[in-house]
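Reviewing the structure listed below.
Read the numbers this way: they start at 1 and go in the same order the structure lists the ligands and their atoms.
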Amino acid sequence: MIRPTPAIEAIPATTPFVGPEQLMREAGLRRLVRLGANESPFGPSPKAIAAMSAELERLGWYGDPESLDLRDALAQKHGCNQQQIVVGSGIDDVMGLAVRAFVAPGGVVLTTRGTYPTLNYHAIGYGARLEFADYRPDGTPDLDALLEIARRLRPALVYLANPDNPSGRFIGRDDMNRFCSALPHDSLLLLDEAYADFVATRDLLPLRIEERVIRMRTFSKAYGMAGARIGYGVTAESNVRTFQKIRLHYGINRNAQVGALASLADDAFRDRVVAATARARSDYYALASELGCGFIESCTNFVCLDMETAARATQVVNDLLRRGVWVRKPGAPPLDRYVRVSAGTEPMRRAFAGALRQVVAEVPA
Ligand SMILES: *Cc1c(COP(=O)(O)O)cnc(C)c1O
């Protein structure tokens with residue numbers, strides 16, 4: 001009999017992300033308003049689409065295994081050098097590299113219970129031990145709790161998403177500075193900045209190249225290229241050299257490299273997306289007020305609407321899906337009473353608002 005390793009065999013079967021395609025198949029839906037995965041409804045920059053379309057005929061070739069043109073452009077953007085950048089198939093890939101490179105089996109990975117979960121799957125898959133801090137009651141990651149656990153357990157990795165998903169909360173630079181200095185110096189901070197593009201640069205932690213911090217960014221959100229799968233980490237050269245030993249060298253799609261590079265040259269497009277996203281958030285706040293439900297002010301491309309109990313939030317998600325609108329809800333308290341809806345175009349927002357008005361009227365509070 002062929003068996004996986006005991007460590008892998010011990011992992012419970014799981015499908016962490018049930019995709020909208022699967023939900024449509026199960027529900028027999030032909031169309032779905034996709035507001036469940038924080039994808040950009042605005043897609044990639046037209047310049048990126050043009051560059052990728054022109055590049056398609058060279059799809060017979062592998063992409064540059066060093067992604068050098070892209071890394072040069074990213075180095076310029078961040079004021080560092082290309083040896084301080086590792087490109088991956090999304091942040092999700094970079095997180096896997098970090099766990100594999102820096103956490104020995106049994107080593108501790110510290111995160112927030114209920115935050116973006118991909119790191120947890122990598123940690124489990126590589127035999128690490130997960131430890132959790134809880135969110136603060138308002139849904140902000142609890143830096144003090146993370147610090148307290150980190151001092152006690154000396155984790156190999158500490159994960160923080162800022163802005164956070166699923167809450168949408170953002171921790172400003174002074175608090176982040178204090179947090180970084182107070183972390184044990186032998187813990188590596190994985191700082192997931194998937195939504196950094198939606199925050200003013202002056203509010204972000206300034207970039208300091210340090211061995212003990214990896215800043216992770218993506219083209220999946222503001223740049224609208226989630227399907228291309230490309231993201232990166234900025235960190236010390238020594239860490240990039242470590243990743244160089246284990247990463248999948250042809251793992252970055254050739255077209256994704258070209259599209260990402262062209263995106264970086266179109267700040268005007270990204271600024272329009274950020275502005276349109278802010279309008280979408282305001283629309284959702286107004287809808288929440290109209291329906292008399294609370295919400296969390298968000299610094300991202302999604303908003304959490306308060307359904308008061310986890311059971312009601314689950315029912316609202318299910319009922320919206322029956323009406324052809326896909327949203328998700330956070331899985332852990334204190335956020336599990338919320339429904340999380342991604343920024344959509346105006347027609348998508350109208351579809352969501354129409355369906356939500358009906359559903360909240362039907363589902364008792
Ligand atoms: C969407 C998201 C990601 C995924 O990024 P990819 O680059 O598409 O892998 C990572 N972290 C957070 C917090 C996200 O919301």
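Side-chain contact annotation: Asn165 with Arg340, donor-acceptor N/O pair under 3.5 Å present. Judged by distance alone, the side chains of Tyr121 and Asp92 never bring a donor and an acceptor atom under 3.5 Å apart. Side-chain contact, Asn301 with Thr277: no donor N or O sits under 3.5 Å from an acceptor N or O. The closest side-chain donor-acceptor pair between Glu26 and Gln22 falls under 3.5 angstrom.
Close contacts of ligand 1 with Ser220, meaning ligand atoms under 4.0 Å from a residue heavy atom, involve 6 (P), 7 (O), 8 (O). Near Arg229, meaning under 4.0 Å from one of its heavy atoms, ligand 1 places the atoms 6 (P), 8 (O), 9 (O).
Note on ring orientation: taking the six-membered ring where Trp is involved, the planes of His78 and Tyr232 are tilted (angle from 30° to 60°). Ring geometry for Tyr223 against Phe219 counts as tilted: the plane angle lies between 30° and 60°, on a 0 to 90° scale.
Ranking the protein heavy atoms by distance from atom 15 (O) of ligand 1 puts Tyr195 OH, 2.6 Å first. Looking at atom 5 (O) of ligand 1, its nearest protein heavy atom turns out to be Ile91 CB, 3.8 Å. What sits closest to atom 4 (C) of ligand 1 on the protein, heavy atoms only, is Tyr116 OH, 3.3 Å. Atom 14 (C) of ligand 1 has as its closest protein heavy atom Lys221 NZ, 3.0 Å. For atom 7 (O) of ligand 1, the closest heavy atom belonging to the protein is Thr218 OG1, 2.5 Å.
Checking only distances, Asn165 does come within under 3.5 Å of ligand 1, N or O to N or O.
Side-chain contact check for Arg113 versus Thr115: every heavy-atom pair is 4.5 Å or farther apart.
Residue contact check for ligand 1: Asp192 places a non-hydrogen atom closer than 4.0 Å to it.
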